[in-house]
Amino acid sequence: MPFISKSKFLWGLQCQKLLWHAYNAKNLIPEPDASQQAIFDQGHEVGALAKLLFPGGIEVGQGIVDIETVLQLSEKTIKQRRPLFEAAFAFDGGYARVDILNPVEEDSWDIIEVKSSTSVKDVYLPDLAFQTFVYSGAGLKIRRCFVLHINNDYVRRGDIDPRLLFKKVDVTAQVSDLSQRIEIQLEGMSKIIRLKESPEVPIGKHCDTPYECPLHDHCWKFLSADNPLTLYRGKEKGFKLLAAGITQLGKIPENVPLNDKQIIQRDVARTGQPHISKRAIKEFLAQLEFPLYFLDFETIGSAIPLFDNTSPFQQIPFQFSLHVQPSPGGKTKHLSYLAQGRNDPRREFLEELRNVMGEVGTVIAYNAPFEKGVLDASAEIHTQFKLWVKQIKRRVVDLLIPFRAFRYYHPQQHGSASIKSVLPAITGRSYKDLEIQEGGTASREFLRVTFSDVAKAEREKVRSQLEIYCGQDTEGMVWIVDELRNLVES
Ligand code: SF4
């Protein structure tokens, strides 16, 4: 029987089927994708900074994956009574490597779990309870358990100061309650792992809680595109309908209570035709004043602030795209900015944007609070832009609003009002052929080619992909507004 590691234990708490697959059908569990890998990489960077708070600490078995070797090394190193990083212990079938084990008092230890989040999440508690159970069982005297998480009030000034970047929260009491259950939970998990076949577990909310399950695509692939889980804000109802054997929106019986938006979804699924509220769309269009400025930002944000005067996870704009349309259906002009180099781009970003924004005309953004928030936060530092930002914000209209309100709803939106769903549904054009297809990839790629050493040709290639991607977001808005106009005028 192999050890149950901390991560597998957490998987076991999330779903028995996932646990079984982790030991019996690993090949079905995909490798982390680029976005998950970026989260892991960030975790490693945060972990490295946290270790600076424990001078004299020893890395135990760095890079070694063989469990027995790491166990032996940990057993040997612990005698030194110094802070230990990644020391491993095993007990009762459980195996755990602790982020930081800190010697306290004569013979005790504190467990410190480092997290890249800005608060203590519930899922951290069973994680620490499992570790406490294993280390105590292995003979360590555990005094307290802490979560060391990112302090989102931290503002970088010069070099990162780990004493200010982190917050240390004592969770000993919560963890101690949970530790009592670990033995029974491990016993149950061992039985699951030894089953000849995977337990049958229906899909449910647990597939995305506390984390998206790596078997998500595998388990959910039976669903049709218009399944009841696509009901707008109706996941719970959707699971009930699935459990009752209703697998398509159009088949939801009349007596099932649905809200107005969900009724529209069911109706368009039946007819295959979009729902269009002409009056509301006309009202929306009537408020637009030409020239129209279609605006979109791309941003970066990281747990460890990159620049002075920024906080953890603060979104820093590095790119904008602007399409200017002088008259209804008129030919547009495209303007853009993409930061060069490794300096804080905010000042230049604001200057470039101010240079190309005329003084009159509606500014259209999709999910406008994001763009407004980025402008406000940037002007907080570069205060000479405050008045201009205030004026620009008054001109902003959010193109998301008519779609979120279901004034227009197409069956191919599958319950989503995001531009990535609306654009293909309403115009037939999509992001599929683009190298960069969404904002997360845009941020990662910008960071990669800007802050790591890549060949010039690679950097230029990615920068041109970024221009194309962000440009499509604003040109897509032009197409959407043109299409809305055609719809209400036809
Ligand atoms: S997708 Fe859901 S049902 Fe499938 S293994 Fe994961 S949590 Fe379990």
Next item on the list: Assess whether salt bridge (charged side-chain N to carboxylate O under 4.0 Å, His left out) is satisfied between R143 and E105, documenting all intermediate values.
Entry: CA-CA 9 Å; R143 187 189 69 163; E105 299 167 349; 3.6 Å; yes
Next item on the list: Anything under 30° is parallel, anything over 60° is perpendicular, the rest tilted; go ahead and classify W220 against H216.
Entry: parallel
Note to self: I need the minimum non-hydrogen distance between S336 and E467, along with the two atoms involved.
What the structure shows: OG-OE1, 3.0 Å
Check: What are the two closest non-hydrogen atoms of F297 and F370, and how far apart are they?
Finding: O-CE2, 4.2 Å
Notebook entry, point to check: Do Y154 and P312 touch side chain to side chain, with heavy atoms closer than 4.5 Å?
Noted result: yes
Margin query: For K393 and D376: C-alpha separation, side-chain torsions, deciding distance, then whether salt bridge (charged side-chain N to carboxylate O under 4.0 Å, His left out) applies.
Written below: CA-CA 9 Å; K393 279 170 55 191; D376 273 338; 2.7 Å; yes
Next item on the list: Apply the test salt bridge (charged side-chain N to carboxylate O under 4.0 Å, His left out) to residues E460 and K456: give CA-CA distance (whole Å), side-chain angles for both, the deciding distance (0.1 Å), then the verdict.
Entry: CA-CA 6 Å; E460 290 313 313; K456 190 168 173 242; 5.7 Å; no
Next item on the list: Please report the shortest heavy-atom distance between F89 and S74, naming the atom on each side.
Entry: CZ-CB, 4.1 Å
Notebook entry, point to check: Should the heavy atoms of other residues, nucleotides or ligands under 6.0 Å from CG of D177 be counted, would the total exceed 12?
Noted result: yes
Notebook entry, point to check: Looking only at heavy atoms, which two atoms of S452 and R459 are closest? And how far apart?
Noted result: O-NH2, 3.9 Å
Item checked: Short side-chain donor-acceptor distance under 3.5 Å, E113 and Q131 -> yes
Item checked: Straight-line distance of S116 OG to L49 CG, nearest 0.5 Å -> 10.0 Å
Notebook entry, point to check: If you measure from CD on Q319 to CD1 on I300, what distance do you get to the nearest 0.5 Å?
Noted result: 11.0 Å
Notebook entry, point to check: Does CG belonging to D66 count more than 12 external heavy atoms closer than 6.0 Å?
Noted result: yes
Next item on the list: State, without any angle test, whether Y124 and S117 hold a side-chain donor-acceptor pair at a distance under 3.5 Å.
Entry: yes
Note to self: Taking the cut-offs as 6.0 angstrom to the six-membered ring centre and 45 degrees off its axis, would you call K420 and Y431 a cation-pi pair?
What the structure shows: yes
Margin query: Working to the nearest 0.5 angstrom, can you tell me the gap between T474 OG1 and L295 CG?
Written below: 8.0 Å
Notebook entry, point to check: Which pair of heavy atoms, one from L18 and one from P214, lies closest together, and at what distance?
Noted result: CD1-CG, 3.8 Å
Next item on the list: Measure from the side-chain N and O atoms of Q472 to the backbone N and O of S430, and report whether any donor-acceptor pair falls under 3.5 Å.
Entry: yes
Note to self: For D473, is there any backbone N or O sitting under 3.5 Å from a side-chain donor or acceptor partner on D296?
What the structure shows: no
Note to self: Using modelled atom types and a 3.5 Å cut-off, is there a donor and acceptor pairing between side-chain atoms of K237 and backbone atoms of P257?
What the structure shows: yes
Note to self: Whether the side chain of R463 engages the backbone of A339 through a donor-acceptor N/O pair (distance < 3.5 Å, no angle test) should be reported.
What the structure shows: yes
Check: Any sub-3.5 Å donor-acceptor pair from S421's side-chain atoms to A417's backbone N or O?
Finding: no
Note to self: Can you give me the closest heavy-atom contact between E458 and V449, atom names plus distance?
What the structure shows: O-CG1, 4.4 Å
Notebook entry, point to check: Should the pair R346-D308 be classified as a salt bridge under the 4.0 Å nitrogen-to-oxygen rule?
Noted result: no
Checklist line | Flag if over 12 foreign heavy atoms under 6.0 Å of CD, E236 | finding: no
Notebook entry, point to check: Under 3.5 Å, is there a donor-acceptor pair between the R157 and N309 side chains?
Noted result: yes
Notebook entry, point to check: Nearest 0.5 Å, what's the CZ-CZ distance between F166 and F146?
Noted result: 15.5 Å
Notebook entry, point to check: Is there a donor-acceptor pair under 3.5 Å between the side chain of R82 and the backbone N or O of G56?
Noted result: yes
Check: Are any side-chain N or O atoms of T299 and backbone N or O atoms of I316, one a donor and one an acceptor, separated by less than 3.5 Å?
Finding: no
Next item on the list: State whether the number of non-hydrogen atoms from other residues, nucleotides or ligands found under 6.0 Å of R163 atom CZ is greater than 12.
Entry: no
Note to self: Between W20 (side chain only) and L195 (backbone N and O only), is there a donor and an acceptor less than 3.5 Å apart?
What the structure shows: yes
Next item on the list: Check whether any side-chain heavy atom of M189 lies under 4.5 Å from a side-chain heavy atom of K8, and answer yes or no.
Entry: no
Checklist line | Nearest-0.5 Å distance, CG of residue L241 to CG of residue L258 | finding: 7.5 Å
Item checked: Distance in Å, N24 CG paired with L19 CG, rounded so as to fall on 0.5 Å steps -> 8.5 Å
Next item on the list: Please assess D110 against K168 for the test salt bridge (charged side-chain N to carboxylate O under 4.0 Å, His left out), listing each intermediate value before the final yes or no.
Entry: CA-CA 12 Å; D110 283 346; K168 194 171 159 198; 5.4 Å; no
Notebook entry, point to check: Can you find a heavy atom in the side chain of L466 that is under 4.5 Å from one in the side chain of E298?
Noted result: no
Item checked: Ring-ring centroid check F320 F349, cutoff 6.0 Å -> yes
Item checked: Close side-chain approach of P305 and L165, heavy atoms under 4.5 Å -> yes
Next item on the list: For the residue pair Q265 and F406, establish whether any side-chain heavy-atom pair is separated by less than 4.5 Å.
Entry: yes
Next item on the list: State, with a plain yes or no, whether a side-chain heavy atom of L178 is found less than 4.5 Å away from one of F133.
Entry: no
Item checked: Non-hydrogen side-chain atoms of L242 and L223 separated by less than 4.5 Å -> yes
Note to self: Please check this pair: side chain of Q42 against backbone of S302, looking for a donor-acceptor N/O pair closer than 3.5 Å.
What the structure shows: no
Checklist line | Any donor-acceptor N/O pair, Y469 side chain to G439 backbone, under 3.5 Å | finding: yes
Margin query: Side chains of L399 and V422, heavy atoms from C-beta outward: is any pair under 4.5 Å?
Written below: no
